[in-house]
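Numbering of ligands and ligand atoms starts at 1, following listing order. Treat the numbers as computed from the prediction; the structure is a model and nothing was measured. FYI, the numbering just counts along the sequence from 1.
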Amino acid sequence: FAIPGDLFIIYNLLRFCSIQRVLFPSWTSQSALMFATLLGVTLTEQLIIYQVGVLPSHFYKVLADKDYSGFRSLVGTAMVLIVLNSTLKSLDQYICNQMYVSWRKTLTESLHSAYFQGRVYYTLNVLREDVDNPDQRISQDAERLCKQMSTMASRLIVSPFTLTYYTYHCFHSTGWFGPVSIFGYFVIGTIANKILMGPIVSTLFEQEKLEGDFRFKHMQIRVNAESAAFYRAGKVEHMRTNRRLQTLLETQRSLINKELWLYIGVNTFDYLGGFLSYIIIAIPIFAGIYDGLSPGELSALISKNAFVCIYLINGFTQLIDLSTTLSDVAGYTHRIGELREVMDDILHKQCDYDPASGESYDFDRFVDFNVHAGPLDTAFILDHLSYKSPYSDELLVEDLSLKITQGTHLLVVGNTGTGKTSLLRVLNRLWEAESGFVHMTTCFGPRGTLFLPQKPYLTDGTLREQVCHVLNGSFLLSGSVDDDRIIQFLELAGVSSLLKRTGGLDEKVDWNWYDVLSPGEMQRLCFARLFYLQPKYAVLDEATSALTEEAEAQLYRTCKHLGMTLISLGHRSSLEKYHDVQLKLCGEGRWELTKLKGGSGSLNHRDITM
Ligand SMILES: Nc1ncnc2c1ncn2[C@@H]1O[C@H](COP(=O)(O)OP(=O)(O)OP(=O)(O)O)[C@@H](O)[C@H]1O
């Protein structure tokens, strides 16, 4: 919030416009058509409201004249108008609700497509600190923005028409004095509201951030409930969660305090408006303009004039009442606009973004992804590569040159924090290299390279989806041949018992896989997935750390039997016998490359070092 107030408003307005472009992509889009229908319905509704509004003046007249037949037909007309009015009002509400759902769909889907493009979700959640709670912005703030906009829509859309129409009527019956005093009244009200609204937007923004933090704390406890219970961490977590709640509530209180002044302003304005209409009507009456009218005609005229003036004032006060909704819209616009800008920025900075075409290479493409074509038997060529962690100045590895070729299994070792996993992040293009190059010469996926991260990755869904649906739907083959393969690989990975627990490959389970599987089972399930996908190169980050050495041996043997070249990270010396070359990261940028004695593959040193 370093931007000065007025500039911030303009900036936020631009953000609002860019969100509108997402919601209304073309004149013939669903939202635009719904908006046009809403305009039609509300305009018709206003015409009926006018007819209903002047009904009392007709009643005054027929009652004063004791006109019985006129009275009867007036009652009939009134009934029809009231039914029409209430039907149109409900239709107006119905279209607004439909528009809200349609806007929410469009906006959230547009945020999703930016969020899941390339590795934006990773960079945003792990590497960028300037945007808090992206999950909340996408799931909650987008919803609230659409809700508030839909409540504003029908009132805003019709305002220009009703204000013009009633200004004309007001001018007709009171002369220039009526409309001018009402406009003046509106200008004063707008200025007062702008002053009162100023501090609310920033506080609302802060409140939404704290709301997200509070929810995140609960999510952390939910995810880590077991570990927390082992530490008997209930008390301390209770205290910390309460602390977050307190901070949130303090901000909420301060927001309510600031809103009090806005509400006082809005309500005073409402009541003054009702009062003002009588002053405006009183002037032509006292000036003697209507002196020639009979009492019946005069009361009919007063009633009609009162309706016109009150409706015009009401039109303006409704606009002013909208300022509370508008402050919410401004707050949510800020949060969503900021998220969109940061995601855009991340996308443009991604190394696979091509500024010439304005497009990014498909980070998620699995097949035939061959940006840096190289020798067929090579997976990665590292050329004088240096890298460091995001918030540090010290290099983790300096000037590393290496070629990872088929059939030469590589083991990466080193102390904690020396940058082993970071090497994989650089290989997988999650982090960018400080200097030098990494050429990935195979595609990502079953025909190329697959990574098994340190923390097993499971998705929601059936057992079949855990094994073969994690990467891309296209790998999901149906039929008994595939079923047999999956079952065979589950057996080879030592998790065939899961079949019994789930009741079958395609049985829907309502549990969270992370909660019900042991760390060892999760690692084995990831191996079953690896066996199923059978990539040429498998990059395993401490993938057997929760398993016994026998289980590790069995899994490594199967990988080799399936023809995979292994690149493993780990601390265990038992891993050495499955590899040919060892890369040791020694810290402070140093590294050593050695040939392992126990390795079965042949090492041609030129293939490894460049
Ligand atoms: N997202 C991140 N932001 C900032 N620093 C990070 C991030 N991820 C890792 N680091 C830091 O980078 C350094 C290297 O981390 P890395 O995960 O590569 O270690 P490692 O060698 O794999 O360790 P371990 O043996 O414990 O797995 C560590 O000091 C770590 O704290």
S.K.: Run the salt-bridge test on Glu341 and Arg15 with the 4.0 Å N-O cut-off and return the result as yes or no.
M.R.: yes
S.K.: Report all N/O contacts between ligand 1 and the protein shorter than 3.5 Å as a table of atom names and distances to 0.1 Å; if there are none, say 'none'.
M.R.:
residue, atom, partner, partner atom, Å
ligand 1, 17 (O), Arg425, NH1, 3.3
ligand 1, 18 (O), Thr421, N, 3.4
ligand 1, 18 (O), Ser422, N, 2.8
ligand 1, 18 (O), Ser422, OG, 2.5
ligand 1, 21 (O), Gly417, N, 3.4
ligand 1, 21 (O), Thr418, N, 3.3
ligand 1, 21 (O), Gly419, N, 3.0
ligand 1, 21 (O), Lys420, N, 2.9
ligand 1, 21 (O), Lys420, NZ, 3.1
ligand 1, 22 (O), Thr421, N, 2.9
ligand 1, 22 (O), Thr421, OG1, 2.7
ligand 1, 23 (O), Gly417, N, 3.0
ligand 1, 25 (O), Lys420, NZ, 2.7
ligand 1, 25 (O), His571, NE2, 3.1
ligand 1, 27 (O), Gln454, NE2, 3.3

S.K.: Run through Ile19, Leu23, Val22 and flag the one making a side chain to side chain contact (heavy atoms under 4.5 Å, CB included) with Trp103.
M.R.: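 Considering Ile19, Leu23, Val22, a side chain to side chain contact (heavy atoms under 4.5 Å, CB included) with Trp103 is found only for Leu23.
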S.K.: Give the C-alpha distance, both sets of side-chain angles, the deciding distance and a yes or no for side chain to side chain contact (heavy atoms under 4.5 Å, CB included) between Lys209 and Arg335.
M.R.: CA-CA 9 Å; Lys209 175 189 176 299; Arg335 286 179 66 76; 3.9 Å; yes
S.K.: Has the side chain of Glu465 got a donor or acceptor atom that lies under 3.5 Å from a matching backbone atom of Thr459?
M.R.: no
S.K.: Do side-chain atoms of Arg137 reach the backbone of Asp132 as a donor and acceptor pair under 3.5 angstrom?
M.R.: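 Yes, because the side chain of Arg137 sits within donor-acceptor range (under 3.5 Å) of the backbone of Asp132.
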S.K.: Verify whether one side chain among Thr378 and Thr441 offers a donor that lies under 3.5 Å from an acceptor in the other.
M.R.: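 No - no donor-acceptor pair under 3.5 Å links their side chains.
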